[in-house]
Amino acid sequence: MKILHTSDWHLGRTLYGRKRYEEYEAFLDWLAETIRDNGIDVLVVAGDVFDTTAPGNRAQELYYRFLCRAASLCCRHVVVISGNHDSPSFLDAPKELLKALEVHVTGSPSGNPEDEVLVLRNGQGVPELIVCAVPHLRDRDIRTAEAGESIEDKERKLLDGIRDHYASVAACAEGKRRELGGAIPLVATGHLFAAGGRTVEGDGVRELYVGSLAHVDAGIFPPCFDYVALGHLHVPQKVSGSEMVRYSGSPLPMGFGEAKQQKSVCVAEFGGRETSVRLVPVPVFQQLEQIRGGWDRISGRIFELASQGSRAWLEVVYDGDEILGDLRERLEEAVGNTSMEVLRVRNTRAVERALAQTMEEETLDDLDEDDVFRRCLEANRVPDDQHAELFAAYREAVLSLREEQGGRHED
């Protein structure tokens, strides 16, 4: 029995205005070949299938076309859960139809743990795997808000809610395993932020709850699970050093901060009482490169890439001593006769000069939404001792808005 664990596809994601459908199509073609070549029995997609709650037609086409293709391969089952970027209702809408292809979708928890426990059978109808298909657990799924509760109270209730949910689903799964008899492997899914998890700049990973709450550790998962397939963090990694609790990471670099990262998918093989896990490297379908330094370093690297016939997308971070007012013009000339494109330019010297004066040249590209809110607090001269409480309230409002958007789909 072999399962392939992947996550965080983010179909439909753009990179500084550039659409990436060709990359996604190449990845899904590669994934289908990998499933066939490795004799994969079950594919698990641990959330963030799409990049937004209202994916475009092309992103949907890639998703459904791949599911149909997977059904024609050796892979007997596909398990898909929602992530924080997905709309649970959108993923759930065709679930009954997809069951005909042995595609099992869990967009949102129903309140009944049994609904998240899947007994997967082989071609002869014999149970071969039990999957606890736990989706991303949103705040409203696991916590009842109360007036006047502190941040610490919220954190405790969130962690207790996540722990209790996994305990209930695991108990149900173990009961089914006893009924069926035999040593049937038990796999769980999740889309959450593990304590100590590694992220990189520009990867787009969002906090799931207020502030940095509910970063769970491996101990939150009951010991009956033979493998836990996680999504949300884009860096492939183990949780608390456990071989059997893993993030597969995103298959494509979500930003230039991930450009040098080796992407992979996880293959877990169950044989008797032992489980082995290995990583299968994902090829690079579109080269990304960040070039940082003074002009000599930047121009030299562009020349080197051009001589190799590179088609890379570039992010240029200029931090040389000289202030260059014509940096963009120089870059356009440098890549003019090549197949490369400069998608983003960060002129740190120009920004530093502007910040030292009036910040008039600073753009929203240099800030994220939290930075903007903090600037508003400063601009309105809000006392420092009120910042923490107001920022927590702001983050809660933003996350509530995201959850509401995740519950509906707009054309």
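Index from 1, following the sequence.
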Q: First locate atom CG of Leu120, then atom CD1 of Ile184, and finally report the distance between them rounded to the nearest 0.5 Å.
A: 10.0 Å

Q: Check for a donor-acceptor pair, side chain of Asp51 on one end and backbone N or O of Gly12 on the other, with a separation under 3.5 Å.
A: no

Q: Taking the side chain as every heavy atom from C-beta outward, state whether Tyr318 and Leu331 have any atom pair closer than 4.5 Å.
A: no

Q: Ignoring hydrogens and angles, tell me if any N or O in the side chain of Thr53 forms a donor-acceptor pair with the backbone of Ser87 under 3.5 Å.
A: no

Q | Ion pair check, Asp160 and Arg163, cut-off under 4.0 Å | A | yes

Q. Between atom CG of Leu118 and atom CD of Glu102, what is the distance when rounded to the nearest 0.5 Å?
A. 10.5 Å

Q. If you round to the nearest 0.5 Å, how far is CG of Asp41 from CG of Leu129?
A. 9.0 Å

Q | Nearest non-hydrogen partners of Pro251 and Ser7, listed with the distance | A | CD-O, 3.3 Å

Q. Is the closest side-chain heavy-atom distance between Arg121 and Val119 below 4.5 Å?
A. yes

Q. Hey, is NZ on Lys260 packed in by over 12 heavy atoms from elsewhere, all under 6.0 Å?
A. no

(Q) Any donor-acceptor pair under 3.5 Å linking the side-chain atoms of Gln261 with those of His234? (A) no

Q: Heavy atoms only: give me the nearest Tyr16-Arg344 pair and the separation to one decimal.
A: OH-NH1, 3.1 Å

Q: Verify, without hydrogens or angle tests, whether Asp8 (side chain) and His232 (backbone) share a donor-acceptor contact under 3.5 angstrom.
A: yes

Q. Do you know which of Glu23, Glu341, Gln286 makes side chain to side chain donor-acceptor pair (under 3.5 Å) with Arg18?
A. Glu341

Q: Give a yes or no on whether Glu22 atom CD has more than 12 heavy-atom contacts from other residues, nucleotides or ligands under 6.0 Å away.
A: no

Q) Can you check whether Pro55's main-chain N or O pairs, donor with acceptor, with Gln60's side chain at less than 3.5 Å? A) yes

(Q) Closer than 3.5 angstrom, by distance alone: can the side chain of Asn112 be matched with the main-chain N or O of Glu114 as a donor-acceptor pair? (A) yes

Q | Test item: side-chain donor near acceptor, His136 and Asp86, under 3.5 Å | A | no

Q: Determine whether Phe256 and Val317 make a side-chain contact, defined as any pair of heavy atoms from C-beta on separated by less than 4.5 Å.
A: no

Q: For atom CG of Asp326, decide whether the heavy atoms of other residues, nucleotides or ligands shown that lie under 6.0 angstrom number more than 12.
A: yes

Q | Atom of Tyr64, atom of Pro94 and distance for their closest heavy-atom approach | A | OH-CG, 3.5 Å

Q. What are the two closest non-hydrogen atoms of Arg76 and Asn122, and how far apart are they?
A. NE-CA, 3.9 Å

Q: Output yes when Asp226 and Arg177 qualify as a salt bridge under the 4.0 Å nitrogen-oxygen rule, no when they do not.
A: yes

(Q) Taking side chain to side chain donor-acceptor pair (under 3.5 Å) as the criterion, tell me which of Lys263, Arg13, His10 meets it with Ser250. (A) Lys263

Q.
Can you tell me which residue among Leu98, Val45, Leu97 is in a side chain to side chain contact (heavy atoms under 4.5 Å, CB included) with Val103?
A. Leu98

Q. Got a second to check how far Ser310's OG is from Ile302's CD1, nearest 0.5 Å?
A. 10.5 Å

Q. Does the side chain of Leu305 reach to within under 4.5 Å of the side chain of Thr338, using non-hydrogen atoms?
A. no

Q) Roughly how far, to the nearest 0.5 Å, is the CG atom of Leu279 from the NE2 atom of His5? A) 10.5 Å

(Q) If you count every heavy atom of other residues, nucleotides or ligands that lies below 6.0 Å from Asp37 atom CG, does the total exceed 12? (A) yes

**Q.** Asn84 to Arg138 - nearest heavy-atom pair and separation
**A.** O-NH2, 3.6 Å

Q. Does Trp295 reach the side chain of Arg330, with side-chain heavy atoms less than 4.5 Å apart?
A. yes

(Q) Given 3.5 Å as the limit, does a donor-acceptor pair link the side chain of Gln262 with the main chain of Val282, or not? (A) yes

Q) How about Pro109 and Pro135: do any of their side-chain heavy atoms sit closer than 4.5 Å? A) yes

Q: Considering only NZ, NE, NH1 and NH2 on the basic side and carboxylate oxygens on the acidic side, decide whether Asp29 and Arg69 come within less than 4.0 Å.
A: yes

Q | Non-hydrogen atoms of Tyr247 and Leu192 that approach each other most closely | A | OH-O, 2.7 Å

Q: Using atom types as modelled and distance alone, determine if a side-chain donor or acceptor of His191 lies under 3.5 Å from a backbone N or O of Ala46.
A: yes

Q. Less than 4.0 Å between a side-chain N and a carboxylate O, is that true for Glu33 and Arg36?
A. no

Q) So, are Lys99 and Glu96 salt-bridged, with charged N and O less than 4.0 Å apart? A) yes

**Q.** Any donor-acceptor N/O pair, Tyr24 side chain to Trp9 backbone, under 3.5 Å
**A.** yes

Q. Can a donor-acceptor pair be found between the side chains of Tyr21 and Arg58 at a distance below 3.5 Å?
A. no

Q. Would you find a donor on one side and an acceptor on the other, under 3.5 Å apart, between the side chain of Lys2 and the backbone of Asn38?
A. yes

Q. To the nearest 0.5 Å, how far apart are CD1 in Ile291 and OG in Ser299?
A. 9.5 Å

Q. Does some side-chain heavy atom of Glu304 sit less than 4.5 Å from a side-chain heavy atom of Gln308?
A. yes

Q: Please assess Val134 against Phe221 for the test side chain to side chain contact (heavy atoms under 4.5 Å, CB included), listing each intermediate value before the final yes or no.
A: CA-CA 12 Å; Val134 180; Phe221 304 111; over 6 Å; no

(Q) Under the rule for salt bridge (Lys or Arg N to Asp or Glu O under 4.0 Å), what residues qualify as partners of Glu243, not counting sequence neighbours? (A) Lys238, Arg246

